[in-house]
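Report on the following structure.
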Amino acid sequence: TAEQLPPGGRLSGLSAAVYSVGSAVVYGRTGVCRVEDIGTPPFQKDDGRSYYTLRPVFSTCGERIYTPVDGAAPIRGLVDGGRASGCLKLVSELKPQTFSSRKPAELAAHYRELLAPCELESCLLLLKEIRQKERTLTAQGKKLGQVDYQYQKIAERLACEELGFALDTEPDIIRERLYEAMKITK
C-alpha cells in the first residue's frame, strides 16, 4: 500500500506536548532546537512560571531562546525518521496553491500565512509553490522577485533542517533529495 497523508491531508498533530530536557523540537521560524533546560531563566525573577531554554541546533552563534512552557509559542516535536522519509516520498503529490500578485506586501502576507502553522507540510507546500513559480518565470526569461526568494530560503531552511535532523543527514543533502522528489531542477 502506498503511504498517504493523514486525514485532512496535513502532517500536523505534533503540538500540545510537554518536552523534556534533551528533546529536539521545532520552534517557529528558528527551526530545530534542543531543550537544554526547563526552569527560570538566569535573568528572570522567579515568578512561578517555567521556561524552556532552547538552543538552535544548526546555529553557530551559541544563542539561547527562553520561552514559557505554558505559553502560546509555536513549538512542536519533530517528525520522526519514518515520517520524514514518508514526507520526502509524498512531496511530489502535494498540491500547492497558485498565488499571483505584483504587490510584494500581498505576496509576503500570503507566504507568512502559509508559514504561520510552523509545520513541515506548510514549509514543503510553500517551497513547492515557489519552485513551480520559478520554473514558470524561467521559461519566460524572468527571475523570482526578492519576496519569493526570501520566503523560499526560509521554507527551504526549515524543511531541510527538520528532515535532516530526523533522518540524521546533512540539510544540504536533504535539499538535493527534496528537489529531486519535487521533480524540479535547481
Side-chain angles (χ1 to χ4, degrees), residues 4-15 25-33 54 56-61 63 65 67 71-79 83-84 86-166 170-186:
Q4 295 181 4
L5 289 173
R10 302 201 44 132
L11 299 171
S12 61
L14 299 174
S15 58
V25 298
V26 174
Y27 180 71
R29 289 195 199 168
T30 302
V32 179
C33 294
L54 306 175
V57 171
F58 294 97
S59 174
T60 57
C61 67
E63 71 182 294
I65 298 166
T67 187
I75 187 171
R76 65 172 175 81
L78 283 126
V79 297
R83 197 163 183 184
C87 288
L88 283 172
K89 291 176 187 172
L90 292 173
V91 75
S92 64
E93 298 173 24
L94 291 175
K95 304 292 184 219
Q97 301 176 27
T98 303
F99 183 86
S100 178
S101 177
R102 289 184 157 317
K103 297 180 182 178
E106 288 177 2
L107 191 57
H110 168 69
Y111 291 158
R112 277 193 305 274
E113 184 180 321
L114 281 175
L115 285 179
C118 296
E119 295 185 16
L120 179 57
E121 181 196 32
S122 301
C123 291
L124 294 174
L125 282 168
L126 176 58
L127 186 56
K128 190 166 182 181
E129 177 179 330
I130 294 172
R131 297 296 284 180
Q132 285 179 347
K133 182 177 183 178
E134 182 178 35
R135 178 192 262 172
T136 301
L137 289 172
T138 300
Q140 298 170 359
K142 299 178 182 178
K143 294 184 179 184
L144 285 176
Q146 184 177 0
V147 172
D148 298 305
Y149 184 73
Q150 175 187 1
Y151 281 90
Q152 177 185 15
K153 289 299 172 194
I154 292 169
E156 183 179 275
R157 179 182 58 79
L158 292 172
C160 292
E161 286 181 2
E162 182 170 3
L163 291 168
F165 191 90
E170 288 296 316
D172 287 340
I173 294 170
I174 293 295
R175 181 176 295 107
E176 296 302 322
R177 289 178 60 191
L178 184 60
Y179 290 141
E180 183 180 315
M182 285 186 203
K183 300 192 181 357
I184 297 175
T185 58
K186 286 179 100 176

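Any value given below was found using the heavy atoms of this structure, including those in side chains, with hydrogens, waters and symmetry copies removed.
- Looking only at side-chain heavy atoms (C-beta outward), Leu90 and Leu124 stay at 4.5 Å or farther from each other.
- In terms of the side chain to side chain contact (heavy atoms under 4.5 Å, CB included) criterion, residue partners of Arg157 (sequence neighbours excluded) are, by chain and number, Glu161.
- Among residues at least two apart or in separate chains, salt bridge (charged side-chain N to carboxylate O under 4.0 Å, His left out) pairs with a member in residues 137-148 are Lys133-Asp148.
- Residue pairs meeting the ring pair (Phe, Tyr, Trp, His ring centres under 6.0 Å) criterion with at least one member in residues 126-147, sequence neighbours excluded, do not occur.
- Note that CG of Leu126 and CD of Gln97 are 10.0 Å apart. Values are rounded to the nearest 0.5 Å.
- With sequence neighbours left out, the side-chain hydrogen bond (donor to acceptor under 3.5 Å, both in side chains) criterion links Gln146 to no other residue.
- Of all heavy-atom pairs between Leu78 and Val25, the closest is CD1-N, 3.5 Å.
- Applying the side chain to side chain contact (heavy atoms under 4.5 Å, CB included) test to Ala166 and every residue at least two apart in sequence or in another chain returns Val79, Ala84.
- Leu120 has its side chain within reach of Leu163: a pair of non-hydrogen atoms, C-beta onward, lies under 4.5 Å apart.
- Taken from CD in Glu106 to OG in Ser100, the straight-line distance is 10.0 Å, to the nearest 0.5 Å.
- Considering only residues two or more places apart in sequence or on other chains, Thr136 meets the side-chain hydrogen bond (donor to acceptor under 3.5 Å, both in side chains) condition with none of them.
- Minimum heavy-atom separation, Ile65 to Pro56: CD1-CG, 4.0 Å.
- The closest donor-acceptor contact from the side chain of Ser122 to the backbone of Leu114 lies under 3.5 Å.
- Residues passing the salt bridge (Lys or Arg N to Asp or Glu O under 4.0 Å) test with Glu63: none are found, sequence neighbours excluded.
- Between the CD atom in Glu119 and the CG atom in Leu158 there is a gap of 12.5 Å [rounded to 0.5 Å].
- Applying the ring pair (Phe, Tyr, Trp, His ring centres under 6.0 Å) rule to pairs touching residues 110-131 yields Phe99-His110, Tyr111-Tyr151, sequence neighbours excluded.
- With Arg76 contributing its side chain and Cys118 its backbone, the two residues share a donor-acceptor pair below 3.5 Å.
- For CZ of Phe58, the number of neighbouring non-hydrogen atoms (other residues, nucleotides, ligands) closer than 6.0 Å is greater than 12.
- The side-chain contact (heavy atoms from CB on, under 4.5 Å) test with Gln132 is passed by exactly one of Glu129, Lys128, Glu134, Arg135: Lys128.
- Ile75 places a side-chain heavy atom less than 4.5 Å from the side chain of Leu54.
- The ring pair (Phe, Tyr, Trp, His ring centres under 6.0 Å) pairs that include a residue from residues 112-141 number zero, where partners must be two or more places apart or lie in different chains.
- Taking each heavy atom of Leu88 and Ala181 in turn, the nearest pair found is O-CB, 3.2 Å.
- With respect to Arg83 and Glu162, no salt bridge is recorded, no charged nitrogen being found less than 4.0 Å from a carboxylate O.
- Distance CG/Leu115 to CD1/Ile154: 6.5 Å, rounded to 0.5 Å.
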